[in-house]
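Contents: one structure, followed by commentary.
In what follows, chains carry the letters A, B, and so on, assigned in the order in which the sequence lines appear, proteins first and then strands, with residues in each chain numbered from 1.
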There are 2 protein chains.
Amino acid sequence: MTDAPPRMTKQRAAVLTVLKQGGFRSAQDWHDRLRHDGSTAGLATVYRALQALTDTGDVDTVLTETGETLYRLCEAREEHHHHLRCRACGAAEDIDMPSIEGWAASVGAEHGYSRIDHTVELTGVCSDCAKAGR
Amino acid sequence: MTDAPPRMTKQRAAVLTVLKQGGFRSAQDWHDRLRHDGSTAGLATVYRALQALTDTGDVDTVLTETGETLYRLCEAREEHHHHLRCRACGAAEDIDMPSIEGWAASVGAEHGYSRIDHTVELTGVCSDCAKAGR
DNA sequence: ATCTAAGTGATAATCATTGTCAAAGAGGAG
DNA sequence: CTCCTCTTTGACAATGATTATCACTTAGAT
Ligand SMILES: [Zn+2]
Ligand SMILES: [Zn+2]
Ligand SMILES: [Zn+2]
Ligand SMILES: [Zn+2]
């Protein structure tokens with residue numbers, strides 16, 4: 001019943017390769033980097049690849065305060081986790097706070113809510129960027 | 001040095017009134033409700049009023065997973081807090097988790113990040129909506 | 001009444017993201 | 001290899017929330 005995984009094409013391989021540069025970046029950013037590296041992949045294809053990789057759990061996404069989606073190659077695929085992200089350069093650390101998971105569920109139950117979901121994200125400025133004056 | 005607060009106009013009063021209906025709703029939703037109540041306020045004016053009210057701390061905002069901004073009259077203006085929101089009807093409870101504030105700062109410091117900010121939001125389905133089958 | 005700066009609302013512009021669709025590419029069968 | 005079929009691609013249009021414009025109105029002040 002699980003859909004067959006999409007075929008690995010030249011474009012998707014290129015997306016995966018550029019993602020290894022690391023950091024949370026927008027689809028357009030990743031697309032720019034691909035073109036810079038010689039790929040001719042279209043923007044729509046990059047969006048499709050990122051969407052597919054997100055669905056399979058190979059890519060993490062976060063939403064900025066402007067509603068833009070940022071994508072990053074996921075390092076700890078199996079575990080649910082959260083991020084501490086540098087607002088200046090896109091670098092990010094995986095963080096986990098096991099107690100938050102249970103806290104979210106119990107707060108929801110206390111108020112009579114079901115199907116609880118939660119969002120926990122931290123942003124800041126990493127030490128490198130702070131040294132460079134942002 | 002603080003900018004003079006914007007004048008209280010008929011339109012802003014109308015926005016404040018309709019906001020008392022409660023719940024987190026989009027700017028367009030609030031605009032529809034205003035028109036339904038007889039106001040002729042334009043959509044741009046509603047956006048401006050919501051923005052101004054947000055700046056003064058009279059309105060809370062939250063970002064949906066689709067990047068849409070939702071606005072709600074703020075009940076506990078002075079305290080920094082987080083929300084448990086019903087995805088079906090927009091109802092929301094203020095929640096606070098004082099330990100999260102310190103945790104965010106210390107996790108940031110551990111990783112060498114400065115200027116830490118954080119997002120903690122819960123969503124679910126409230127008991128009324130659950131009874132009504134969503 | 002007159003002047004002036006702020007506020008309004010219809011509309012156009014912006015911008016990330018998604019939809020469309022004809023053309024290109026990859027397999028498979030013959 | 002050739003023909004057929006299904007997937008993927010990429011240029012481009014469409015969407016939808018938000019913001020910018022700008023001529024017009026309004027609320028105070030003189
Ligand atoms: Zn950085
Ligand atoms: Zn979690
Ligand atoms: Zn509800
Ligand atoms: Zn907080």
Quick one: list whatever passes side-chain hydrogen bond (donor to acceptor under 3.5 Å, both in side chains) with A:Thr17, sequence neighbours left out.
-> none
Give one of base, sugar-phosphate or nothing for B:Thr66, where a contact means two heavy atoms less than 4.0 Å apart.
-> nothing
Integer-rounded Å distance: D:dA17 P and B:His31 NE2 | 13 Å
Looking at residues 15-23 of chain A, who's got a heavy atom less than 4.0 Å off DNA chain C?
-> none
May I have the distance from B:Glu65 (atom CD) to D:dA17 (atom P), rounded to whole angstrom?
-> 14 Å
Under the side chain to side chain contact (heavy atoms under 4.5 Å, CB included) criterion, do B:Asp117 and A:Glu65 qualify, and how do the steps go?
-> CA-CA 11 Å; B:Asp117 196 0; A:Glu65 73 271 4; over 6 Å; no
Listed pairs under 3.5 Å, donor-acceptor, residues 121-128 of chain A side chains, sequence neighbours left out:
| residue | atom | partner | partner atom | Å |
| --- | --- | --- | --- | --- |
| A:Glu121 | OE1 | A:His83 | N | 3.3 |
| A:Thr123 | OG1 | A:Arg87 | NH1 | 2.7 |

Is there a donor-acceptor contact under 3.5 Å linking the side chains of A:Ser39 and A:Asp37?
-> no
Extract all donor-acceptor atom pairs below 3.5 Å that involve side chains of residues 97-107 of chain A and protein atoms in other chains or at least two apart in sequence.
| residue | atom | partner | partner atom | Å |
| --- | --- | --- | --- | --- |
| A:Glu101 | OE1 | A:His80 | NE2 | 3.1 |
| A:Glu101 | OE1 | A:His118 | NE2 | 3.1 |
| A:Glu101 | OE2 | A:His80 | NE2 | 3.4 |
| A:Glu101 | OE2 | A:His82 | NE2 | 3.2 |
| A:Ser106 | OG | A:Gly102 | O | 3.4 |
| A:Ser106 | OG | A:Trp103 | O | 3.1 |

Mark yes or no for whether A:Arg72, through its side chain, and A:Ala92, through its backbone, hold a donor-acceptor pair below 3.5 Å.
-> yes
How many angstroms lie between OG1 in A:Thr61 and CD in A:Gln51, if you round to the nearest 0.5 Å?
-> 8.5 Å
Atom CZ of A:Arg12 and atom P of C:dA26 are separated, to the nearest Å, by 13 Å
Report yes or no: does B:Arg35 contribute a side-chain atom to a donor-acceptor pair with the main-chain N or O of B:Ala41 at less than 3.5 Å?
-> yes
Any idea which heavy atoms bring B:Trp30 and B:Arg25 closest together, and the distance?
-> NE1-O, 3.2 Å
Describe, as an angle rounded to 10 degrees, how the axis at the first end of the helix from C:dA1-D:dT30 to C:dG30-D:dC1 is tilted relative to the axis at the last end, five pairs per end.
-> 10°
Does C:dG9 have OP1 or OP2 sitting under 4.0 Å from an N or O in the side chain of B:Thr45?
-> yes
Does a side-chain N or O from A:Gln11 land closer than 4.0 Å to OP1 or OP2 of D:dG10, or not?
-> yes
Interatomic distance, A:Asp29 CG vs C:dC15 C1' [rounded to whole Å] = 14 Å
Heavy atoms under 4.0 Å is the rule here; annotate nucleotides 18-30 of chain D 5' to 3' with B where the base is hit, S where only the sugar-phosphate is, and - elsewhere.
-> BBBB-----SS--
How many Å lie between CG on B:Leu53 and C1' on C:dG7, as a whole number?
-> 15 Å
Hphob cluster co-occupancy, B:Leu84 + B:Val120, side-chain heavy atoms under 4.5 angstrom | yes
Checking side chain to side chain contact (heavy atoms under 4.5 Å, CB included) for the pair B:Leu34/B:Gln11: CA distance, chi angles, key distance, verdict?
-> CA-CA 9 Å; B:Leu34 274 172; B:Gln11 290 83 350; over 6 Å; no
